[in-house]
Amino acid sequence: MSNAYLGWFTTDKTFPFFIQYGGHDEDTDLHRHVDFSELVIVLSGNAKHIVNNEESFIKKGNTFVINGTTEHGYREPHDFKICNIMYRPEMLEAIGPDLRTSNGFQALFVLQPLYSDRRAQSDKLSLPIAGVEHAAALVSTMVNEYESKQQGRQTMLIARFMELVVYLCRHYETQSREAPDSLSHLANAVSYMEDHYLEALSLEQIAVRSGVSVRHLNRMFKAYYQTTPVAYLQSLRLERSRMLLKHSDLPVTQISYECGFNDSNYFTRQFTKAYGMSPKVYRQQQ
């Protein structure tokens with residue numbers, strides 16, 4: 001286990017803040033942020049997140065804060081891209097009482113970082129596709145501002161950071177309100193799907209494993225992810241196919257079967273629809 005310092009990323013002592021995109025192709029060692037906290041938004045792909053020796057599966061949309069006393073690292077990343085926002089906790093002193101007392105702020109920026117080794121993965125924020133796109137747009141603006149070094153950069157970055165914090169807290173509130181009693185059932189469903197997505201799965205099987213009806217299963221996914229269980233399952237399979245296209249020499253037809261698609265033509269159509277290019281073209285570009 002190693003220690004990380006904010007000074008490794010920025011030498012600007014007047015503005016203890018750093019933002020970057022992180023692309024992890026290999027495992028990262030366990031480390032601790034000695035003098036800063038880190039807000040992480042998973043923009044694409046998936047990995048195993050090790051937090052104080054406990055392991056959980058994280059994927060696109062997962063958003064969490066790691067504070068200075070928590071050990072963490074990533075294992076088995078697949079097309080894993082994140083945004084890292086490193087900041088001193090005192091930056092959040094600009095948050096007003098209207099947000100500071102909200103459930104979203106307390107959960108994401110106070111309680112979760114403090115008890116991250118004991119809180120279930122289901123307690124973490126999971127942004128739907130539209131939410132990821134909105135957050136990614138805010139992040140892109142912040143990255144451009146950070147790199148521009150224009151006059152007023154610090155003020156603009158603080159304003160954008162506060163905007164992002166408010167957005168995430170509001171989304172947590174919405175997520176909790178729309179399905180307050182469904183977190184454990186949803187966690188069971190997602191866990192089962194992520195463990196068995198390469199197999200032939202029916203909605204009835206997933207519902208039984210989750211302890212809910214098929215109808216309620218659909219409602220949970222709509223509330224939390226703004227999609228259906230079938231679409232979510234397909235996204236897992238397509239993400240796996242991208243990894244195989246990028247890192248193996250297997251024929252496209254074989255990849256389609258290994259990723260749970262019984263028809264290679266259907267696989268090609270769905271891949272093209274999701275990523276804007278055929279599997280063959282994607283492989284050529286990689």
Side-chain angles (χ1 to χ4, degrees), residues 2-26 28-45 47 49 58 60-74 77 79-100 104-105 108-110 112-113 116 125 127 129-172 285-286:
S2 60
N3 292 328
Y5 299 86
L6 189 58
W8 292 0
F9 304 94
T10 175
T11 57
D12 188 348
K13 296 183 179 180
T14 66
F15 188 53
F17 181 89
F18 184 76
I19 182 171
Q20 68 175 2
Y21 293 114
H24 297 280
D25 296 324
E26 300 178 351
T28 61
D29 294 333
L30 283 174
H31 60 279
R32 179 187 292 123
H33 308 149
V34 175
D35 59 350
F36 66 95
S37 294
E38 179 182 42
L39 171 63
V40 178
I41 303 173
V42 182
L43 299 175
S44 67
H49 190 203
I58 57 173
K60 181 178 180 178
N62 282 153
T63 302
F64 51 90
V65 173
I66 299 293
N67 69 8
T69 62
T70 302
E71 300 173 8
H72 84 124
Y74 303 108
D79 292 318
F80 189 55
K81 181 180 179 181
I82 61 177
C83 166
N84 306 88
I85 300 179
M86 307 173 193
Y87 61 93
R88 294 275 170 78
E90 53 264 30
M91 282 193 69
L92 295 178
E93 292 176 1
I95 295 292
D98 59 330
L99 186 67
R100 186 173 296 280
F105 182 82
L108 287 174
F109 292 92
V110 180
Q112 186 189 103
S116 56
L125 175 60
L127 294 172
I129 294 175
V132 175
E133 292 175 350
H134 183 85
L138 289 175
V139 166
S140 177
T141 300
M142 293 172 67
V143 170
N144 291 336
E145 186 68 37
Y146 189 87
E147 295 176 348
S148 72
K149 299 183 179 179
Q150 295 187 61
Q151 185 179 30
R153 179 185 70 148
Q154 294 183 13
T155 301
M156 183 65 77
L157 282 168
I158 292 173
R160 294 298 187 191
F161 181 53
M162 293 299 105
E163 181 181 359
L164 179 61
V165 168
V166 170
Y167 177 76
L168 296 176
C169 292
R170 285 177 175 176
H171 207 286
Y172 187 96
Q285 290 193 357
Q286 298 307 309

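- Closest heavy-atom contact between Val132 and Gly61: CG2-CA, 3.5 Å.
- One distance of note links CG of Leu138 with CD of Glu163; it measures 5.0 Å at 0.5 Å rounding.
- Side-chain contact between Phe161 and Ile19 is absent, with no heavy atoms from C-beta onward closer than 4.5 Å.
- To the nearest 0.5 Å, atoms OG1 (Thr63) and NE2 (His171) are separated by 9.0 Å.
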- Item | Candidate pair Phe15 and Leu157, rule side chain to side chain contact (heavy atoms under 4.5 Å, CB included), full reasoning | CA-CA 10 Å; Phe15 188 53; Leu157 282 168; 3.8 Å; yes
Please tabulate, one pair per line, all N/O donor-acceptor pairs under 3.5 Å involving side-chain atoms of residues 34-45, not counting sequence neighbours.
residue, atom, partner, partner atom, Å
Asp35, OD1, Leu6, N, 3.0
Asp35, OD2, Arg88, NH2, 3.3
Glu38, OE1, His33, NE2, 3.4
Glu38, OE2, Asn84, ND2, 2.5
Ser44, OG, Asp79, O, 3.3

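- Across all non-hydrogen atoms, the minimal contact from Cys169 to Phe109 is SG-CE1, 3.8 Å.
- Across all non-hydrogen atoms, the minimal contact from Tyr21 to Ala136 is OH-O, 4.5 Å.
- Although no hydrogens or angles enter the test, the distance criterion places a donor-acceptor pair under 3.5 Å between the side chain of Arg153 and the main chain of Tyr146.
- No more than 12 heavy-atom neighbours from other residues, nucleotides or ligands sit within 6.0 angstrom of CD on Gln151.
- Between His31 atom NE2 and Glu71 atom CD the span is 10.5 Å, to the nearest 0.5 Å.
- With values rounded to the nearest 0.5 angstrom, Phe17 atom CZ is found 5.5 Å from Ile85 atom CD1.
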- When you look at Leu92 and Tyr87, which way does the side chain to side chain contact (heavy atoms under 4.5 Å, CB included) test go after all the steps? CA-CA 9 Å; Leu92 295 178; Tyr87 61 93; 4.0 Å; yes
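- Atom CE of Met156 has 12 or fewer neighbouring heavy atoms from other residues, nucleotides or ligands inside a 6.0 Å radius.
- The aromatic rings of His49 and Tyr74 sit parallel, their planes meeting at an angle under 30°, below the 60° perpendicular limit.
- Among all heavy-atom pairs drawn from Ile95 and Val165, the shortest one is CD1-CG1, 4.0 Å.
- Note that CE of Met86 is 13.5 Å distant from CE of Met91, once rounded to the nearest 0.5 Å.
- How far OG1 of Thr155 is from CD of Glu145: 9.5 Å, rounded to the nearest 0.5 Å.
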